[in-house]
Amino acid sequence: MSRPIPEKLVEDTARELMARAAIDIPADYRDGVRKARECERNRIARFVLAEMERNWDIATADRRPMCADTGLPRYYVRAGNEAVIEGGFVALERALRKATADATASIPLRPNRVHPLTRRDHDNNVGVHAPEVTYAFEPRADWIDITAVHKGGLFGTDYRMLFPTDGVAGIRRFFVDTLVEFGKRGLACQPAIVGLGLGGSKDTCVRLGKEAACLRVVGSRNPEPAVAALEEELTALGNYVGIGAMGFAGTSLVVATHIEVAYTHTGGLPVGMHSFCLSSRRATARIHSDGRVEFRADPMWFTDYYRREGIE
Ligand code: SF4
């Protein structure tokens, strides 16, 4: 029997993750933006990207958030099948909510979360269904992985139900339409990591698109060759439409395209699309049953088990 992971350890780790996500840009995304700047031929777009890199340096040096807009802080939790949490998952959720409220005051983070109608504000980024916690599981493991994501970008997200015969051409069309709709006004703070969820039900493809954008590192490829080829093609296409960083003319709209698939209704091809903005904020920690905590930049969210196709 694994030793229970203390609630306090979950809370302390989550608070640290909130800070790391807000302040330290992941190296893989930074590297992608550097490459985009080196290829960018438009002077103003190049200037924006250089200034962004400078902004990240200042944020890290001053231990202050890289963007004044917190976005929406949320968590992804992967629990090993043998993991035990002191107080159970109710305690884990309490720890994550407490850490969010504490981090909002201590970092500080802008308290973005409000009631959608009354605009009631607890001033701590906690409320009904806030922060979101998404769960996944892993066999033969007694650790829990927690990933904090500060998902920015009020815009740049869309959904479309295509017909199967629309195929790749329809996916391309939706991809370009969405990029242009938001990109020409700089609404999604490009260049972004674009995530596409293909298939599943409507909610599944929207969820997968967000996870593809936020939980895969730049440079990763979907293990299915046809999907990986489409990722490459769409990245090139996105950088061909003529929009660069922050909506200026240029070639730096998409740092990477990540696609995840789910088996879907034979009569449809639903697509969900998300942009992980210029502040692509994520941080992960693994909490072991012996109390060790390992921080890392790669969420390692899309495991073989998570993408399993058969019964086991
Ligand atoms: S989209 Fe991202 S970079 Fe732009 S203001 Fe929002 S959080 Fe900041």
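It should be emphasised that the depicted structure is a prediction, and the values quoted were computed from it without experimental measurement. Only heavy atoms go into these numbers, but all of them, side chains included; no hydrogens, no water, no symmetry mates.
For Arg43, the CZ atom sits in a loose shell: 12 or fewer heavy atoms of surrounding residues, nucleotides or ligands are nearer than 6.0 Å. The neighbour count for Arg54 CZ, taken as heavy atoms of other residues, nucleotides or ligands under 6.0 Å away, does not exceed 12. A 6.0 Å sphere centred on CZ of Arg34 holds more than 12 heavy atoms belonging to other residues, nucleotides or ligands. Within a 6.0 Å sphere centred on CZ of Phe47, heavy atoms belonging to other residues, nucleotides or ligands number 12 at most. Within 6.0 Å of atom CZ in Arg63, more than 12 heavy atoms from other residues, nucleotides or ligands are found, so the atom counts as buried in its surroundings. More than 12 heavy-atom neighbours from other residues, nucleotides or ligands sit within 6.0 angstrom of NE2 on His115.
Ser289 contributes atom OG, which lies 10.0 Å from atom CD of Glu82 (distance to the nearest 0.5 angstrom). For the atom pair Leu49 CG and Lys35 NZ, the distance stands at 14.5 Å (nearest 0.5 Å). In this structure, CG on Asp31 lies 12.0 Å from CD1 on Ile25, to the nearest 0.5 angstrom. Taking CG from Asp123 and CG from Asn112, the interatomic distance works out to 11.0 Å, rounded to the nearest 0.5 Å. Of the inter-residue distances, the one linking Phe248 atom CZ with Asn42 atom CG reads 8.5 Å to the nearest 0.5 angstrom. With rounding to the nearest 0.5 angstrom, the OG1 atom of Thr235 is 9.0 Å from the CG atom of Leu230.
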Between Glu132 and Arg113, does a salt bridge (Lys or Arg N to Asp or Glu O under 4.0 Å) hold up when you go through it step by step?
-> CA-CA 12 Å; Glu132 294 87 352; Arg113 296 275 196 170; 2.6 Å; yes
Decide side chain to side chain contact (heavy atoms under 4.5 Å, CB included) for Thr251 and Arg41; before the verdict, give the C-alpha distance in whole Å, the side-chain angles of both, and the deciding distance to 0.1 Å.
-> CA-CA 7 Å; Thr251 55; Arg41 277 183 282 171; 5.6 Å; no
For Phe155 and Thr178, run side chain to side chain contact (heavy atoms under 4.5 Å, CB included): C-alpha distance rounded to whole Å, both residues' side-chain angles, the deciding distance at 0.1 Å, then the answer.
-> CA-CA 10 Å; Phe155 306 95; Thr178 308; over 6 Å; no
Under the side chain to side chain contact (heavy atoms under 4.5 Å, CB included) criterion, do Leu278 and Met246 qualify, and how do the steps go?
-> CA-CA 9 Å; Leu278 205 37; Met246 296 302 292; 3.9 Å; yes
Do Ile146 and Ile144 pass the side chain to side chain contact (heavy atoms under 4.5 Å, CB included) test, and can you show the C-alpha distance, the side-chain angles, and the key distance before you say yes or no?
-> CA-CA 6 Å; Ile146 302 176; Ile144 56 170; 4.2 Å; yes
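With His122 contributing its side chain and Asn124 its backbone, the two residues share no donor-acceptor pair below 3.5 Å. For the pair Asp166 (side chain) and Phe163 (backbone), a donor-acceptor distance under 3.5 Å is present. In this structure a side-chain-to-backbone donor-acceptor pair under 3.5 Å is missing from Tyr305 to Pro139. Listed for the Asn239 side chain is a donor-acceptor partner under 3.5 Å among the backbone atoms of Leu253. Between the side chain of Arg207 and the main chain of Thr204, no donor-acceptor pair closer than 3.5 Å is present. Remark: side-chain polar atoms of Thr257 are not paired, donor with acceptor, to backbone N or O of Val194 under 3.5 angstrom. Side chain of Arg46 to backbone of Glu40: a donor-acceptor contact under 3.5 angstrom is found.
Side-chain contact between Arg20 and Glu16 is present, with heavy atoms from C-beta onward closer than 4.5 Å. Put simply, the side chain of His150 reaches to within 4.5 Å of the side chain of Met18, judged on heavy atoms. Side chains of Arg74 and Thr134 form a contact here, defined as non-hydrogen atoms less than 4.5 Å apart. The shortest distance between side-chain heavy atoms of Tyr135 and Leu92 falls below 4.5 Å. When side chains are defined from C-beta on, Asp290 does not count as touching Trp143, because their heavy atoms never get closer than 4.5 Å. No side-chain heavy atom of Ile243 sits under 4.5 Å from any side-chain heavy atom of Leu179. Side-chain contact between Ile171 and Ile259 is absent, with no heavy atoms from C-beta onward closer than 4.5 Å. Residues Asn222 and Phe302 form no side-chain contact, since every pair of their non-hydrogen atoms from C-beta on lies 4.5 Å or further apart.
Taking every heavy atom of both residues into account, Leu109 and Ala22 meet most closely at CD2-CB, 3.7 Å. Closest of all the heavy-atom pairs between Ala285 and Val293 is CB-CG1, 4.1 Å. Of all heavy-atom pairs spanning Ala245 and Val48, the tightest one is CB-CG1, 3.8 Å. Nearest heavy-atom pair, Asp121 versus Pro111, reported as atom, atom and distance to 0.1 Å: OD2-O, 4.2 Å. The two residues Cys277 and Gly152 make their nearest non-hydrogen contact at SG-CA, 4.0 Å. Among all heavy-atom pairs drawn from Pro191 and Tyr29, the shortest one is O-OH, 2.6 Å.
Linking Ile, Leu, Val, Met, Phe, Trp and Tyr residues whenever their side-chain heavy atoms come within less than 4.5 Å places Val241 and Val271 in a single cluster. When the side chains of ILVMFWY residues are joined at heavy-atom separations under 4.5 Å, either directly or via intervening members, Leu198 and Leu237 end up in a single hydrophobic cluster. The same ILVMFWY cluster, assembled from side-chain heavy atoms under 4.5 Å apart, contains both Tyr76 and Phe276. One hydrophobic cluster holds both Leu196 and Val261 under the rule that ILVMFWY side chains link at heavy-atom gaps under 4.5 Å. Hydrophobic cluster membership is shared by Leu208 and Val218, with clusters built from Ile, Leu, Val, Met, Phe, Trp and Tyr side chains linked at under 4.5 angstrom.
The one candidate from Glu231, Glu211, Met300 that meets the side chain to side chain contact (heavy atoms under 4.5 Å, CB included) condition with Arg216 is Glu231.
A cation-pi geometry, defined here as NZ or CZ lying under 6.0 Å from the six-membered ring centre and within 45° of its normal, does not hold between Arg172 and Phe175. Remark: Arg78 qualifies as a cation-pi partner of Tyr306 under the 6.0 Å distance and 45° angle criteria applied to the six-membered ring.
Between Arg15 and Glu11 there is a salt bridge, since a side-chain N of the basic residue sits under 4.0 Å from a carboxylate O of the acidic one. Ion pairing of Glu86 with Lys8 is absent here, as no side-chain N (NZ or NE/NH1/NH2) approaches a carboxylate O to less than 4.0 Å. Salt bridge annotation for Asp177-Arg173: present, with a cationic side-chain nitrogen under 4.0 angstrom from a carboxylate oxygen.
With sequence neighbours excluded, no residue forms a ring-ring contact (aromatic ring centres under 6.0 Å, His included) with Tyr159. Considering only residues two or more places apart in sequence or on other chains, Val217 meets the side chain to side chain contact (heavy atoms under 4.5 Å, CB included) condition with Asp28, Ser220, Arg282, Asp298, Pro299.
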